[in-house]
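Any value given below was found using the heavy atoms of this structure, including those in side chains, with hydrogens, waters and symmetry copies removed. For reference, positions follow the sequence shown, starting with 1.
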Amino acid sequence: MPAIFSCPIRQNVPISLKELRRYSSVFLKKLAKHWSWLLPVALFCFATPGAQAQVLDEIVGNEPLLRVDTPLPAHGGYTTSVPPFGRPEALFPHGFGMTDWLRKRGIALLLDNTNEFAGAITPPKKNYPNSQHFAPYKQGASNAGQYAASLNINWEQLIGLRGFSTHSIVVGRYGTTANRMFGDWLNHASEDYGGGGNVVVHLVMAYGEEDLFNGRLAIAAGRMAEMSDFQNSPLFCNFQNGSICGRPKAATDSSFVSGYPAAVWAGRIRVRPSRFLYIQSGLYAGENGIYKNEQHRTGFKFNGGNINGFRLPFEMGWEPLFGKNHPGHYKVGGVMMTAPSPDNYLDEQGRPYALTHGRPRTRHDGYGAWFMADQHILNHYHSSKRGITLLGGFLYNDKRIALREWEAYGALIDRGIFCSRPFDTFGLSFTYEKIAPGVQATETMMLDTQQFSRLPDHATGVQRHAAVFEVNYAIHVYRGVIFQPLLEYFFRPNGQGNLRDAALLGFKSHIEIF
(Lines give C-alpha, C1' and ligand atoms only; values in the text may rest on other atoms or scores of the structure.)
Protein backbone atom coordinates (compact mmCIF):
# COMPACT_ATOMS: atom_id res chain seq x y z
CA MET A 1 0.00 0.00 0.00
CA PRO A 2 1.39 3.47 -0.87
CA ALA A 3 2.84 5.40 2.05
CA ILE A 4 0.27 8.17 1.77
CA PHE A 5 -2.49 5.64 2.41
CA SER A 6 -0.84 3.85 5.33
CA CYS A 7 -0.41 5.20 8.84
CA PRO A 8 2.73 3.88 10.59
CA ILE A 9 2.20 2.16 13.93
CA ARG A 10 4.96 2.27 16.54
CA GLN A 11 6.02 -1.24 17.54
CA ASN A 12 7.28 -2.14 21.02
CA VAL A 13 10.58 -3.62 19.81
CA PRO A 14 13.75 -3.40 22.00
CA ILE A 15 16.66 -1.46 20.55
CA SER A 16 20.31 -1.42 21.66
CA LEU A 17 22.06 1.72 22.88
CA LYS A 18 24.54 1.51 19.99
CA GLU A 19 21.76 1.34 17.41
CA LEU A 20 19.94 4.21 19.09
CA ARG A 21 23.05 6.44 18.88
CA ARG A 22 23.60 5.56 15.22
CA TYR A 23 19.95 6.24 14.25
CA SER A 24 19.96 9.49 16.22
CA SER A 25 23.12 10.70 14.48
CA VAL A 26 21.72 9.99 11.01
CA PHE A 27 18.40 11.62 11.91
CA LEU A 28 20.02 14.81 13.25
CA LYS A 29 22.24 15.20 10.17
CA LYS A 30 19.23 14.90 7.84
CA LEU A 31 17.22 17.26 10.01
CA ALA A 32 20.00 19.89 9.89
CA LYS A 33 20.25 19.57 6.11
CA HIS A 34 16.51 19.94 5.44
CA TRP A 35 15.33 22.07 8.36
CA SER A 36 13.93 24.86 6.15
CA TRP A 37 11.14 22.71 4.82
CA LEU A 38 10.90 20.09 7.55
CA LEU A 39 9.98 22.63 10.23
CA PRO A 40 6.62 23.72 8.76
CA VAL A 41 5.83 20.11 7.89
CA ALA A 42 6.56 19.06 11.48
CA LEU A 43 4.37 21.81 12.89
CA PHE A 44 1.56 20.73 10.56
CA CYS A 45 1.87 16.98 11.09
CA PHE A 46 2.41 16.75 14.83
CA ALA A 47 -0.34 19.15 15.90
CA THR A 48 -2.67 16.18 15.93
CA PRO A 49 -6.25 16.84 17.15
CA GLY A 50 -8.12 14.72 19.66
CA ALA A 51 -10.02 11.57 18.84
CA GLN A 52 -13.40 13.32 18.75
CA ALA A 53 -12.31 16.52 17.01
CA GLN A 54 -14.83 19.04 15.75
CA VAL A 55 -15.75 19.06 12.05
CA LEU A 56 -18.06 21.42 10.15
CA ASP A 57 -20.83 18.80 10.01
CA GLU A 58 -21.47 19.49 13.70
CA ILE A 59 -22.26 23.21 13.80
CA VAL A 60 -25.26 24.24 15.91
CA GLY A 61 -27.48 24.85 12.86
CA ASN A 62 -27.00 21.25 11.73
CA GLU A 63 -28.49 19.63 14.83
CA PRO A 64 -31.91 18.91 13.24
CA LEU A 65 -30.24 17.58 10.06
CA LEU A 66 -28.08 15.19 12.05
CA ARG A 67 -31.18 13.70 13.64
CA VAL A 68 -32.57 13.05 10.14
CA ASP A 69 -29.34 11.55 8.81
CA THR A 70 -28.60 9.15 11.69
CA PRO A 71 -29.95 5.58 11.32
CA LEU A 72 -31.38 3.71 14.27
CA PRO A 73 -28.82 1.98 16.54
CA ALA A 74 -27.75 -1.51 15.50
CA HIS A 75 -28.73 -3.22 18.76
CA GLY A 76 -31.24 -2.40 21.46
CA GLY A 77 -32.39 1.17 21.92
CA TYR A 78 -31.28 4.43 23.42
CA THR A 79 -30.48 5.02 27.08
CA THR A 80 -33.81 6.83 27.22
CA SER A 81 -36.62 6.92 24.66
CA VAL A 82 -35.18 10.24 23.45
CA PRO A 83 -32.25 9.87 21.00
CA PRO A 84 -28.99 11.22 22.44
CA PHE A 85 -28.12 14.88 21.89
CA GLY A 86 -24.92 15.73 20.05
CA ARG A 87 -21.84 16.85 21.96
CA PRO A 88 -19.17 18.12 19.55
CA GLU A 89 -15.63 18.88 20.65
CA ALA A 90 -15.51 22.34 22.24
CA LEU A 91 -13.02 24.98 23.30
CA PHE A 92 -14.38 24.64 26.84
CA PRO A 93 -15.61 21.02 26.81
CA HIS A 94 -17.02 21.07 30.35
CA GLY A 95 -18.38 24.61 30.25
CA PHE A 96 -16.60 25.41 33.52
CA GLY A 97 -18.66 22.63 35.10
CA MET A 98 -21.97 24.12 33.99
CA THR A 99 -22.59 22.02 30.88
CA ASP A 100 -21.57 18.80 32.66
CA TRP A 101 -24.07 19.55 35.46
CA LEU A 102 -26.82 20.22 32.91
CA ARG A 103 -26.06 17.10 30.84
CA LYS A 104 -26.52 14.88 33.87
CA ARG A 105 -30.07 16.25 34.10
CA GLY A 106 -30.89 15.86 30.41
CA ILE A 107 -30.17 19.43 29.32
CA ALA A 108 -27.73 20.05 26.46
CA LEU A 109 -26.51 23.61 25.89
CA LEU A 110 -24.22 24.47 22.96
CA LEU A 111 -22.73 27.81 21.89
CA ASP A 112 -20.69 28.45 18.76
CA ASN A 113 -19.52 31.16 16.37
CA THR A 114 -19.11 30.95 12.59
CA ASN A 115 -17.36 33.73 10.67
CA GLU A 116 -17.04 34.02 6.89
CA PHE A 117 -14.82 36.40 4.92
CA ALA A 118 -14.67 36.77 1.13
CA GLY A 119 -12.85 39.29 -1.05
CA ALA A 120 -12.94 39.63 -4.83
CA ILE A 121 -9.58 39.26 -6.60
CA THR A 122 -11.12 40.14 -9.98
CA PRO A 123 -12.68 43.51 -10.88
CA PRO A 124 -16.30 43.74 -12.08
CA LYS A 125 -17.23 45.25 -15.42
CA LYS A 126 -15.91 48.80 -15.38
CA ASN A 127 -18.46 51.63 -14.87
CA TYR A 128 -21.33 49.13 -14.91
CA PRO A 129 -24.26 49.32 -14.61
CA ASN A 130 -24.59 52.76 -16.20
CA SER A 131 -28.07 53.44 -14.84
CA GLN A 132 -29.61 55.70 -12.21
CA HIS A 133 -31.46 52.70 -10.80
CA PHE A 134 -28.32 50.80 -9.70
CA ALA A 135 -25.17 51.71 -7.78
CA PRO A 136 -21.94 51.05 -9.73
CA TYR A 137 -20.42 47.65 -9.07
CA LYS A 138 -17.05 47.51 -7.38
CA GLN A 139 -14.27 45.17 -6.34
CA GLY A 140 -14.41 44.67 -2.60
CA ALA A 141 -14.42 42.38 0.39
CA SER A 142 -16.88 41.58 3.14
CA ASN A 143 -17.23 39.73 6.39
CA ALA A 144 -20.34 38.04 7.79
CA GLY A 145 -20.98 35.72 10.66
CA GLN A 146 -23.21 34.52 13.44
CA TYR A 147 -23.14 33.28 17.00
CA ALA A 148 -25.64 30.54 17.78
CA ALA A 149 -26.90 28.84 20.92
CA SER A 150 -29.02 25.71 21.14
CA LEU A 151 -30.91 24.26 24.08
CA ASN A 152 -32.10 20.64 23.91
CA ILE A 153 -34.02 19.21 26.88
CA ASN A 154 -34.76 15.53 27.48
CA TRP A 155 -37.93 15.78 29.56
CA GLU A 156 -37.97 12.02 30.15
CA GLN A 157 -34.63 12.28 31.94
CA LEU A 158 -35.58 15.55 33.66
CA ILE A 159 -39.12 14.82 34.94
CA GLY A 160 -40.01 11.37 33.56
CA LEU A 161 -42.12 12.53 30.58
CA ARG A 162 -41.40 9.50 28.41
CA GLY A 163 -40.08 10.13 24.90
CA PHE A 164 -40.57 13.90 24.99
CA SER A 165 -37.89 16.49 24.19
CA THR A 166 -37.76 20.14 23.19
CA HIS A 167 -35.34 21.84 20.83
CA SER A 168 -34.59 25.54 20.41
CA ILE A 169 -31.95 27.62 18.64
CA VAL A 170 -31.26 31.37 18.79
CA VAL A 171 -28.72 33.32 16.74
CA GLY A 172 -27.27 36.76 16.26
CA ARG A 173 -25.90 37.72 12.86
CA TYR A 174 -23.61 40.50 11.66
CA GLY A 175 -21.84 41.77 8.55
CA THR A 176 -22.66 41.64 4.85
CA THR A 177 -21.81 39.59 1.76
CA ALA A 178 -19.46 40.42 -1.13
CA ASN A 179 -21.43 39.02 -4.06
CA ARG A 180 -23.72 42.04 -4.40
CA MET A 181 -20.69 44.25 -4.98
CA PHE A 182 -20.21 42.63 -8.40
CA GLY A 183 -23.92 42.30 -9.20
CA ASP A 184 -24.85 38.79 -8.04
CA TRP A 185 -28.13 38.40 -6.12
CA LEU A 186 -28.60 34.68 -6.76
CA ASN A 187 -25.96 33.19 -4.45
CA HIS A 188 -24.23 34.63 -1.40
CA ALA A 189 -20.46 34.50 -1.13
CA SER A 190 -20.96 34.17 2.65
CA GLU A 191 -23.85 31.94 3.66
CA ASP A 192 -24.07 33.39 7.19
CA TYR A 193 -25.73 36.55 5.92
CA GLY A 194 -29.30 37.79 6.12
CA GLY A 195 -32.44 36.54 7.81
CA GLY A 196 -31.01 36.95 11.30
CA GLY A 197 -33.01 40.08 12.10
CA ASN A 198 -30.00 42.32 12.83
CA VAL A 199 -30.69 41.96 16.54
CA VAL A 200 -28.76 40.52 19.48
CA VAL A 201 -31.08 37.50 19.79
CA HIS A 202 -33.16 36.09 16.92
CA LEU A 203 -35.28 32.98 17.53
CA VAL A 204 -34.61 30.38 14.85
CA MET A 205 -36.79 27.53 16.09
CA ALA A 206 -38.54 26.23 19.20
CA TYR A 207 -40.52 22.98 19.07
CA GLY A 208 -41.38 19.83 20.93
CA GLU A 209 -40.84 16.26 19.73
CA GLU A 210 -42.24 12.95 20.90
CA ASP A 211 -40.27 9.77 20.12
CA LEU A 212 -42.13 6.47 20.23
CA PHE A 213 -41.32 2.79 19.64
CA ASN A 214 -37.55 3.16 20.23
CA GLY A 215 -37.21 6.01 17.77
CA ARG A 216 -39.24 4.45 14.96
CA LEU A 217 -41.87 7.20 15.16
CA ALA A 218 -41.11 10.88 15.82
CA ILE A 219 -43.83 13.56 15.96
CA ALA A 220 -42.82 17.24 16.21
CA ALA A 221 -44.71 20.54 16.32
CA GLY A 222 -43.98 24.19 17.04
CA ARG A 223 -41.90 26.89 15.40
CA MET A 224 -39.92 24.88 12.86
CA ALA A 225 -37.86 25.38 9.69
CA GLU A 226 -38.86 23.15 6.78
CA MET A 227 -35.31 23.12 5.39
CA SER A 228 -33.99 21.72 8.67
CA ASP A 229 -35.98 18.53 8.07
CA PHE A 230 -36.28 18.21 4.28
CA GLN A 231 -33.96 18.33 1.23
CA ASN A 232 -30.86 19.03 3.28
CA SER A 233 -27.68 17.47 4.67
CA PRO A 234 -25.19 18.34 7.43
CA LEU A 235 -22.42 17.93 4.82
CA PHE A 236 -23.43 21.03 2.85
CA CYS A 237 -21.84 23.52 5.23
CA ASN A 238 -18.40 22.06 4.72
CA PHE A 239 -18.58 24.83 2.09
CA GLN A 240 -19.16 28.58 2.45
CA ASN A 241 -20.97 29.77 -0.68
CA GLY A 242 -24.75 30.07 -0.47
CA SER A 243 -25.49 28.00 -3.57
CA ILE A 244 -24.93 24.82 -1.50
CA CYS A 245 -24.66 25.89 2.18
CA GLY A 246 -26.91 25.68 4.23
CA ARG A 247 -28.93 23.92 1.50
CA PRO A 248 -28.91 24.02 -2.34
CA LYS A 249 -30.33 27.44 -3.15
CA ALA A 250 -33.11 26.13 -5.41
CA ALA A 251 -34.69 24.58 -2.30
CA THR A 252 -35.53 28.06 -0.97
CA ASP A 253 -36.43 29.62 -4.30
CA SER A 254 -39.83 30.70 -2.92
CA SER A 255 -40.05 33.37 -0.20
CA PHE A 256 -42.55 31.11 1.61
CA VAL A 257 -39.97 28.37 2.25
CA SER A 258 -38.84 28.39 5.87
CA GLY A 259 -35.10 27.86 6.01
CA TYR A 260 -32.57 28.55 8.75
CA PRO A 261 -32.68 31.05 10.44
CA ALA A 262 -36.43 31.52 9.76
CA ALA A 263 -39.20 29.33 11.16
CA VAL A 264 -42.98 29.03 10.91
CA TRP A 265 -45.80 27.19 12.70
CA ALA A 266 -45.48 23.59 11.57
CA GLY A 267 -45.91 19.91 12.36
CA ARG A 268 -43.92 16.93 11.10
CA ILE A 269 -44.13 13.13 11.35
CA ARG A 270 -41.15 10.83 10.66
CA VAL A 271 -41.51 7.04 10.51
CA ARG A 272 -38.61 4.56 10.39
CA PRO A 273 -39.98 1.19 9.25
CA SER A 274 -36.45 -0.23 9.28
CA ARG A 275 -33.06 0.80 10.63
CA PHE A 276 -31.88 2.37 7.38
CA LEU A 277 -35.15 3.71 5.96
CA TYR A 278 -37.30 6.69 6.90
CA ILE A 279 -40.44 8.33 5.53
CA GLN A 280 -41.49 11.78 6.63
CA SER A 281 -44.06 14.43 5.85
CA GLY A 282 -45.15 17.70 7.39
CA LEU A 283 -47.37 20.75 7.17
CA TYR A 284 -45.58 24.12 7.24
CA ALA A 285 -47.35 27.47 7.24
CA GLY A 286 -46.68 29.82 4.34
CA GLU A 287 -45.95 33.05 6.20
CA ASN A 288 -45.52 36.18 4.13
CA GLY A 289 -42.33 38.10 4.84
CA ILE A 290 -40.52 35.56 7.03
CA TYR A 291 -37.14 36.93 5.95
CA LYS A 292 -38.10 40.61 6.36
CA ASN A 293 -37.53 42.74 9.44
CA GLU A 294 -41.06 44.13 9.54
CA GLN A 295 -42.48 40.66 10.20
CA HIS A 296 -39.76 38.57 11.80
CA ARG A 297 -36.97 40.86 12.95
CA THR A 298 -36.63 39.00 16.24
CA GLY A 299 -38.32 35.72 15.29
CA PHE A 300 -40.65 36.06 18.28
CA LYS A 301 -43.79 37.10 16.36
CA PHE A 302 -46.17 34.17 16.93
CA ASN A 303 -49.62 35.52 16.04
CA GLY A 304 -49.76 33.95 12.56
CA GLY A 305 -51.59 36.93 11.10
CA ASN A 306 -49.45 36.74 7.96
CA ILE A 307 -50.20 33.05 7.20
CA ASN A 308 -51.76 32.85 3.74
CA GLY A 309 -51.11 29.28 2.65
CA PHE A 310 -49.30 26.05 3.42
CA ARG A 311 -46.47 23.82 2.21
CA LEU A 312 -46.82 20.03 2.34
CA PRO A 313 -43.43 18.30 1.83
CA PHE A 314 -42.84 14.55 1.59
CA GLU A 315 -39.48 12.77 1.66
CA MET A 316 -38.24 9.19 1.68
CA GLY A 317 -34.66 8.47 2.72
CA TRP A 318 -32.42 5.41 2.58
CA GLU A 319 -29.33 5.47 4.82
CA PRO A 320 -27.36 2.31 4.01
CA LEU A 321 -24.03 1.16 5.41
CA PHE A 322 -22.01 -0.60 2.71
CA GLY A 323 -18.97 -2.84 3.21
CA LYS A 324 -16.57 -1.74 5.91
CA ASN A 325 -18.30 1.33 7.29
CA HIS A 326 -19.19 3.22 4.11
CA PRO A 327 -22.35 5.18 5.07
CA GLY A 328 -24.60 6.74 2.47
CA HIS A 329 -27.74 8.87 2.35
CA TYR A 330 -30.21 8.83 -0.54
CA LYS A 331 -33.27 11.09 -0.51
CA VAL A 332 -36.16 11.64 -2.89
CA GLY A 333 -39.09 13.94 -2.23
CA GLY A 334 -41.54 16.55 -3.35
CA VAL A 335 -43.62 19.44 -2.04
CA MET A 336 -46.99 21.07 -2.79
CA MET A 337 -47.64 24.72 -1.92
CA THR A 338 -50.88 26.72 -1.67
CA ALA A 339 -49.31 30.07 -0.68
CA PRO A 340 -49.97 32.74 -3.35
CA SER A 341 -47.07 33.11 -5.77
CA PRO A 342 -46.85 35.43 -8.80
CA ASP A 343 -46.48 33.95 -12.27
CA ASN A 344 -43.11 34.90 -13.76
CA TYR A 345 -44.54 35.53 -17.27
CA LEU A 346 -48.35 35.78 -17.53
CA ASP A 347 -50.73 38.41 -16.21
CA GLU A 348 -54.27 37.79 -14.92
CA GLN A 349 -55.58 37.73 -18.50
CA GLY A 350 -53.06 35.14 -19.66
CA ARG A 351 -50.82 37.59 -21.55
CA PRO A 352 -47.17 38.61 -20.93
CA TYR A 353 -47.26 41.16 -18.11
CA ALA A 354 -44.03 42.71 -19.40
CA LEU A 355 -46.02 43.99 -22.38
CA THR A 356 -49.42 44.68 -20.80
CA HIS A 357 -48.00 46.21 -17.59
CA GLY A 358 -50.67 44.24 -15.74
CA ARG A 359 -50.39 42.36 -12.48
CA PRO A 360 -48.80 38.90 -12.65
CA ARG A 361 -51.24 35.99 -12.34
CA THR A 362 -51.41 34.50 -8.83
CA ARG A 363 -50.78 30.76 -8.50
CA HIS A 364 -51.94 28.67 -5.53
CA ASP A 365 -50.72 25.29 -6.79
CA GLY A 366 -46.93 25.44 -6.76
CA TYR A 367 -44.75 22.34 -6.50
CA GLY A 368 -41.16 21.11 -6.37
CA ALA A 369 -39.19 17.85 -6.34
CA TRP A 370 -35.67 16.69 -5.46
CA PHE A 371 -33.18 13.84 -5.38
CA MET A 372 -30.09 14.02 -3.16
CA ALA A 373 -27.33 11.55 -2.41
CA ASP A 374 -24.03 11.31 -0.57
CA GLN A 375 -21.87 8.22 -0.29
CA HIS A 376 -18.66 7.50 1.59
CA ILE A 377 -16.55 5.54 -0.91
CA LEU A 378 -13.03 5.23 0.53
CA ASN A 379 -11.47 4.95 3.99
CA HIS A 380 -8.08 6.46 4.85
CA TYR A 381 -5.88 4.43 7.21
CA HIS A 382 -8.66 1.91 7.92
CA SER A 383 -10.75 4.54 9.72
CA SER A 384 -14.45 4.95 8.90
CA LYS A 385 -14.32 8.55 10.16
CA ARG A 386 -11.83 9.44 7.42
CA GLY A 387 -11.89 9.13 3.67
CA ILE A 388 -13.72 10.38 0.60
CA THR A 389 -17.44 11.18 0.38
CA LEU A 390 -19.16 12.11 -2.88
CA LEU A 391 -22.29 14.28 -3.03
CA GLY A 392 -24.72 14.89 -5.86
CA GLY A 393 -28.28 16.03 -6.37
CA PHE A 394 -30.95 17.58 -8.56
CA LEU A 395 -33.75 19.95 -7.51
CA TYR A 396 -36.67 20.96 -9.73
CA ASN A 397 -39.13 23.83 -9.16
CA ASP A 398 -42.46 24.83 -10.71
CA LYS A 399 -41.19 26.82 -13.70
CA ARG A 400 -44.32 29.05 -13.73
CA ILE A 401 -43.43 30.73 -10.42
CA ALA A 402 -39.76 29.94 -9.83
CA LEU A 403 -36.67 32.01 -10.46
CA ARG A 404 -34.50 28.88 -10.64
CA GLU A 405 -36.23 26.19 -12.68
CA TRP A 406 -33.70 23.62 -11.54
CA GLU A 407 -30.34 23.20 -9.84
CA ALA A 408 -27.77 20.40 -10.03
CA TYR A 409 -24.80 20.04 -7.72
CA GLY A 410 -21.81 17.79 -7.18
CA ALA A 411 -19.18 17.83 -4.45
CA LEU A 412 -16.27 15.88 -2.97
CA ILE A 413 -15.26 15.88 0.69
CA ASP A 414 -11.95 14.24 1.65
CA ARG A 415 -11.40 14.02 5.39
CA GLY A 416 -8.09 13.02 6.98
CA ILE A 417 -6.00 12.46 3.84
CA PHE A 418 -2.81 13.25 5.79
CA CYS A 419 -1.88 10.65 8.37
CA SER A 420 -1.49 12.97 11.36
CA ARG A 421 -4.40 15.23 10.38
CA PRO A 422 -7.46 12.97 10.80
CA PHE A 423 -10.04 15.76 10.94
CA ASP A 424 -8.71 18.22 8.36
CA THR A 425 -11.07 18.31 5.38
CA PHE A 426 -10.48 19.07 1.70
CA GLY A 427 -13.57 20.07 -0.28
CA LEU A 428 -14.65 20.71 -3.87
CA SER A 429 -18.15 21.76 -4.92
CA PHE A 430 -19.86 22.84 -8.13
CA THR A 431 -23.44 24.01 -8.55
CA TYR A 432 -25.36 24.89 -11.71
CA GLU A 433 -28.65 26.80 -11.74
CA LYS A 434 -31.01 27.09 -14.71
CA ILE A 435 -33.25 30.19 -14.69
CA ALA A 436 -36.94 29.57 -15.48
CA PRO A 437 -37.92 30.24 -19.13
CA GLY A 438 -40.69 32.66 -18.07
CA VAL A 439 -38.15 34.83 -16.25
CA GLN A 440 -35.91 34.88 -19.32
CA ALA A 441 -38.78 35.84 -21.62
CA THR A 442 -40.05 38.57 -19.27
CA GLU A 443 -36.62 40.16 -18.91
CA THR A 444 -36.01 40.03 -22.66
CA MET A 445 -39.27 41.90 -23.31
CA MET A 446 -38.54 44.49 -20.64
CA LEU A 447 -35.08 45.20 -22.04
CA ASP A 448 -36.47 45.44 -25.58
CA THR A 449 -39.00 48.03 -24.38
CA GLN A 450 -36.43 49.81 -22.13
CA GLN A 451 -38.21 48.98 -18.86
CA PHE A 452 -34.92 48.83 -16.97
CA SER A 453 -36.41 49.79 -13.60
CA ARG A 454 -38.99 46.96 -13.77
CA LEU A 455 -36.52 44.12 -14.24
CA PRO A 456 -37.16 41.45 -11.53
CA ASP A 457 -34.62 39.95 -9.14
CA HIS A 458 -32.20 42.92 -9.32
CA ALA A 459 -31.32 41.96 -12.88
CA THR A 460 -29.39 44.29 -15.20
CA GLY A 461 -29.57 41.86 -18.12
CA VAL A 462 -31.30 38.63 -19.09
CA GLN A 463 -30.78 35.89 -16.50
CA ARG A 464 -30.29 32.47 -18.12
CA HIS A 465 -27.99 30.24 -16.05
CA ALA A 466 -25.29 30.52 -13.39
CA ALA A 467 -22.67 28.33 -11.72
CA VAL A 468 -20.52 28.52 -8.59
CA PHE A 469 -17.31 26.60 -7.86
CA GLU A 470 -15.54 26.33 -4.50
CA VAL A 471 -12.36 24.66 -3.30
CA ASN A 472 -11.33 24.74 0.37
CA TYR A 473 -9.26 23.10 3.09
CA ALA A 474 -10.53 23.08 6.68
CA ILE A 475 -7.76 22.94 9.27
CA HIS A 476 -8.39 21.69 12.79
CA VAL A 477 -6.37 24.35 14.63
CA TYR A 478 -7.15 23.55 18.25
CA ARG A 479 -9.78 21.86 20.36
CA GLY A 480 -13.13 23.06 18.93
CA VAL A 481 -11.49 25.50 16.49
CA ILE A 482 -11.54 25.20 12.67
CA PHE A 483 -10.00 27.57 10.11
CA GLN A 484 -10.86 27.02 6.43
CA PRO A 485 -9.12 28.97 3.61
CA LEU A 486 -11.10 28.86 0.36
CA LEU A 487 -11.52 30.02 -3.22
CA GLU A 488 -14.93 30.78 -4.79
CA TYR A 489 -15.57 31.35 -8.49
CA PHE A 490 -18.86 32.76 -9.79
CA PHE A 491 -19.62 31.95 -13.44
CA ARG A 492 -22.12 34.37 -14.97
CA PRO A 493 -22.94 36.35 -11.79
CA ASN A 494 -26.68 36.75 -11.26
CA GLY A 495 -27.17 34.38 -14.19
CA GLN A 496 -26.24 37.15 -16.64
CA GLY A 497 -23.85 37.01 -19.58
CA ASN A 498 -23.25 40.76 -19.48
CA LEU A 499 -21.44 40.58 -16.12
CA ARG A 500 -17.82 39.53 -15.70
CA ASP A 501 -17.02 36.30 -13.86
CA ALA A 502 -15.83 36.83 -10.29
CA ALA A 503 -13.16 35.04 -8.25
CA LEU A 504 -12.98 35.44 -4.48
CA LEU A 505 -10.49 34.39 -1.82
CA GLY A 506 -11.58 34.06 1.75
CA PHE A 507 -11.88 31.92 4.82
CA LYS A 508 -14.43 30.39 7.13
CA SER A 509 -13.78 29.95 10.83
CA HIS A 510 -15.79 28.01 13.37
CA ILE A 511 -15.39 27.95 17.14
CA GLU A 512 -17.44 25.59 19.27
CA ILE A 513 -17.29 27.45 22.57
CA PHE A 514 -19.07 24.83 24.68
* Looking at CE of Met372 and CG of Leu395, how far apart are the two atoms once the value is rounded to the nearest 0.5 Å? -> 4.0 Å

* Asked: Taking atom types as modelled and ignoring hydrogens, do the side chains of Glu63 and Asn152 form a donor-acceptor contact shorter than 3.5 angstrom?
  -> yes

* Can you name the side chain to side chain contact (heavy atoms under 4.5 Å, CB included) partners of Tyr291, sequence neighbours left out? -> Ala262

* **N-O pairing of Lys331 and Asp374 below 4.0 Å** => no

* Any donor-acceptor N or O pair under 3.5 Å, side chains Asn379, Asn325 -> no

* Structure fact -> Per side-chain contact (heavy atoms from CB on, under 4.5 Å), Ser228 is matched among Arg67, His167, Met205 by Met205

* Please examine the side chains of Phe230 and Arg311, heavy atoms only from C-beta on, and report whether any two atoms are closer than 4.5 Å. => no

* Asked: Any donor and acceptor pair, going by atom type alone, linking the side chain of Asn115 with main-chain N or O of Gly145 inside 3.5 Å?
  -> no

* Asked: Looking only at side chains, do Glu470 and Asn241 share a donor and an acceptor under 3.5 Å apart?
  -> yes

* Do His326 and Gln375 have a side chain donor and acceptor closer than 3.5 Å? -> no

* Asked: After noting the C-alpha distance and the side-chain angles of Arg268 and Glu209, does the key distance pass the salt bridge (charged side-chain N to carboxylate O under 4.0 Å, His left out) rule?
  -> CA-CA 9 Å; Arg268 182 260 300 148; Glu209 187 169 23; 3.2 Å; yes

* Can Ser258 and Glu287 be counted as having a side-chain donor-acceptor contact under 3.5 angstrom? -> no

* Asked: Would you say the side chains of Asp112 and His510 form a donor-acceptor pair under 3.5 Å?
  -> yes

* To do: Supply the atom-to-atom distance Asp253 CG to Ile401 CD1, rounded to the nearest 0.5 angstrom.
  => 8.5 Å

* Got a salt bridge between Glu226 and Arg247, using NZ or NE/NH1/NH2 to carboxylate O under 4.0 Å? -> no

* Asked: So, Thr442 side chain and Asn344 main chain: donor-acceptor pair closer than 3.5 Å or not?
  -> yes

* Asked: Would you say the side-chain atoms of Glu407 and Tyr396 include a donor-acceptor pair closer than 3.5 Å?
  -> no

* Indicate whether the side chain of His188 and that of Gln240 have a donor and an acceptor atom separated by less than 3.5 Å. => no

* **Pairing of Arg479 and Glu512 as salt bridge, 4.0 angstrom limit** => no

* Indicate whether the side chain of Asn187 and that of Asn179 have a donor and an acceptor atom separated by less than 3.5 Å. => no

* Structure fact -> Smallest heavy-atom separation, Phe514 atom then Gly95 atom, equals CB-CA, 4.2 Å

* In Å and rounded to the nearest 0.5 Å, what is the CG to CG distance from Leu505 to Leu486? -> 8.0 Å

* Asked: How many angstroms lie between OG1 in Thr99 and CD1 in Ile513, if you round to the nearest 0.5 Å?
  -> 12.5 Å

* Close aromatic pair by centroid cut-off 6.0 Å: Phe507 and Phe117 -> yes

* Structure fact -> Taking every heavy atom of Asp457 against every heavy atom of Leu403, the minimum-distance pair comes out as OD2-CD1, 3.3 Å

* Determine whether the aromatic ring centres of Phe394 and Trp406 lie less than 6.0 Å apart. => yes

* Sidechain N-carboxylate O distance under 4.0 Å for Arg272, Glu319 -> yes

* Asked: Does the distance from a Lys or Arg side-chain N to an Asp or Glu carboxylate O, for Arg415 and Asp424, drop under 4.0 Å?
  -> no

* Asked: Salt bridge or not for Asp414 and Arg386, using N-O below 4.0 Å?
  -> no

* Gln139: side chain to side chain donor-acceptor pair (under 3.5 Å) partners, not counting sequence neighbours -> none

* Validation row, ring centre Trp318 to ring centre Tyr330 under 6.0 Å -> yes

* **Check: Phe491 ring centroid to Tyr489 ring centroid under 6.0 Å** => yes

* **Gap separating the CZ atom of Phe426 from the CG atom of Leu412, nearest 0.5 angstrom** => 7.0 Å

* Structure fact -> Nearest heavy-atom contact between Ala441 and Tyr345 is CB-CE1, 3.6 Å

* Inter-residue atom distance His376.NE2 - Thr389.OG1, 0.5 Å rounding -> 4.5 Å

* Using a strict 4.0 Å threshold on nitrogen-to-oxygen distance, state whether Arg404 and Glu433 make a salt bridge. => yes

